[in-house]
Amino acid sequence: MIIGITGQIGSGKSTAARLLKQMGAVVIDADQIGREVVEQNPALLKGLVKRFGDEILTPKGKLDRKKLAALAFRNNDTRDMLNRLVHPYLLKELNRQMKSLAKRHRLVVIDAALLLYWNLDQVVDKVILIHASQKIRLRRLAERGIGRKDALARQRQQLSYTEQRKRADHVIFNNGTPQELKLKLQKVIAKSVD
Ligand code: ADP
């Protein structure tokens, strides 16, 4: 069974993925794969430099991810440009890992903020959307060192909760404690597995 976990920044996706791991799931982190595919495919890095300029490179010629993120997440056009380039590589690698892990593990979880934007709802068995109120998301992010302005800018790059909700199989409200989140996840997983 392959489960996609998504939600807006600060909603608790990664926390949910971590809890699912404690319950025995194997977790694929889509951000991590995004980083790996750029490192492993010189053609992709070249394409990124062509679109975003040499400034996305470190003095040693490696990708400076923070620079790229700053340039790519300026607006929807630059974000789409980044995704058009990275998407084919990322999807191919995600599919490969998903298939290989699903053979050996009962529960495979994909943690991806952009799960629905990438249309991965078409490849996973169930989508779980993690949601928390904006006030709580911003407070949790502030505690993690991400300021309000930054958090709102990143949030604008993601699909809205209303759009995400339409395509999710389960919505989990993560306004309470991590323990409550864990119990809700256990319930949803029990329902999905049978
Ligand atoms: P996302 O992956 O959706 O951006 P995270 O899982 O990283 O969100 O959560 C954002 C921050 O909120 C983290 O610091 C995390 O530890 C904290 N957090 C998540 N869920 C809860 C919760 N139920 N109670 C308290 N803090 C939480």
Side-chain angles (χ1 to χ4, degrees), residues 2-37 65-66 68-70 72-74 76 79 82-83 86-87 90 93-94 97-98 101 107-121 123-124 126-192:
I2 303 175
I3 293 206
I5 295 271
T6 195
Q8 289 175 307
I9 179 166
S11 60
K13 281 181 304 299
S14 308
T15 306
R18 226 178 5 258
L19 290 168
L20 288 167
K21 197 170 169 186
Q22 287 172 12
M23 297 177 208
V26 53
V27 177
I28 302 176
D29 176 348
D31 280 351
Q32 174 75 28
I33 294 189
R35 288 196 281 277
E36 285 167 10
V37 293
R65 291 195 322 107
K66 275 199 179 146
L68 175 63
F73 293 114
R74 261 178 322 190
N76 289 352
R79 176 206 60 188
L82 172 70
N83 272 294
V86 179
H87 198 187
L90 181 104
E93 181 57 19
L94 253 180
Q97 291 196 17
M98 241 166 26
L101 290 170
L107 191 58
V108 178
V109 169
I110 303 175
D111 171 8
L114 298 182
L115 189 97
L116 296 172
Y117 174 80
W118 290 330
N119 295 323
L120 289 181
D121 44 339
V123 291
V124 301
K126 297 273 181 219
V127 173
I128 300 179
L129 174 62
I130 308 291
H131 189 60
S133 68
Q134 169 139 307
K135 197 171 152 202
I136 288 183
R137 291 201 308 272
L138 289 176
R139 194 180 64 215
R140 288 183 184 151
L141 289 171
E143 282 163 11
R144 215 172 68 181
I146 300 174
R148 183 188 169 84
K149 207 174 139 214
D150 239 17
L152 290 174
R154 290 204 212 172
Q155 188 175 299
R156 271 195 295 277
Q157 308 299 326
Q158 305 180 342
L159 296 179
S160 70
Y161 167 62
T162 319
E163 282 174 76
Q164 291 184 327
R165 196 180 50 187
K166 289 185 204 149
R167 291 163 64 189
D169 296 289
H170 302 279
V171 181
I172 290 185
F173 290 95
N174 178 27
N175 282 350
T177 63
Q179 182 59 23
E180 283 167 326
L181 174 62
K182 189 171 180 176
L183 290 175
K184 288 179 181 177
L185 282 166
Q186 279 167 338
K187 271 197 191 154
V188 164
I189 294 301
K191 241 194 258 167
S192 304

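We count ligands from 1, going down the list as the structure has it; atoms in each ligand are counted the same way.
- When only interatomic distances are considered, the shortest N/O to N/O separation between I9 and ligand 1 does not fall below 3.5 Å.
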Side chain to side chain contact (heavy atoms under 4.5 Å, CB included) between M98 and I28, worked out: CA-CA 8 Å; M98 241 166 26; I28 302 176; 4.1 Å; yes
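- Scanning the protein heavy atoms around atom 20 (N) of ligand 1, the nearest turns out to be N174 ND2, 3.1 Å.
- Note: an N/O pair closer than 3.5 Å links K13 and ligand 1 by distance alone.
- Proximity of a side-chain donor or acceptor of R167 to a complementary backbone N or O of L116 within less than 3.5 Å is detected.
- Of all the listed residues (R140, E143, K184), R140 holds the heavy atom that lies closest to atom 17 (C) of ligand 1.
- Across D31, I146, T15, L19, heavy-atom proximity to atom 16 (O) of ligand 1 is greatest for T15.
- Here the protein heavy atom with the shortest distance to atom 14 (O) of ligand 1 is R144 CD, 3.6 Å.
- Formation of a donor-acceptor pair under 3.5 Å by the D111 side chain with backbone atoms of D29 is not found in this model.
- In this structure, the protein non-hydrogen atom closest to atom 8 (O) of ligand 1 is G12 N, 3.2 Å.
- For atom 4 (O) of ligand 1, the closest non-hydrogen atom of the protein is G10 N, 2.8 Å.
- With a heavy-atom cut-off of 4.0 Å, L181 does not touch ligand 1 at all.
- Residue contacts with ligand 1, taken as heavy atom pairs separated by less than 4.0 Å, do not involve E180 at all.
- Note: T6 OG1 to W118 CH2 = 9.0 Å, rounded to the nearest 0.5 Å.
- How far CG of L141 is from CD1 of I136: 12.0 Å, rounded to the nearest 0.5 Å.
- Closest protein heavy atom to atom 2 (O) of ligand 1: S14 OG, 2.7 Å.
- Not a single donor-acceptor pair under 3.5 Å links the side chain of Q155 to the backbone N or O of Q8.
- In this structure, the separation between CG on L20 and NZ on K182 is 10.0 Å, given to the nearest 0.5 Å.
- For the pair Q8 and ligand 1, a heavy-atom separation below 4.0 Å is found.
- One side chain, R137 or Q134, offers a donor N or O that lies under 3.5 Å from an acceptor on the other.
- No donor-acceptor pair closer than 3.5 Å links the side chain of K184 to the backbone N or O of N174.
- Of all atoms in ligand 1, listed by their number and element, those nearer than 4.0 Å to a heavy atom of G176 are 22 (C), 23 (N), 24 (N).
- Across R79 and Q158, no two heavy atoms sit closer than the pair NH1-N, 4.4 Å.
- For ligand 1, the polar-atom distance check against L141 finds no nitrogen or oxygen pair separated by under 3.5 Å.
- By the 4.0 Å heavy-atom criterion, G7 is excluded from the residues contacting ligand 1.
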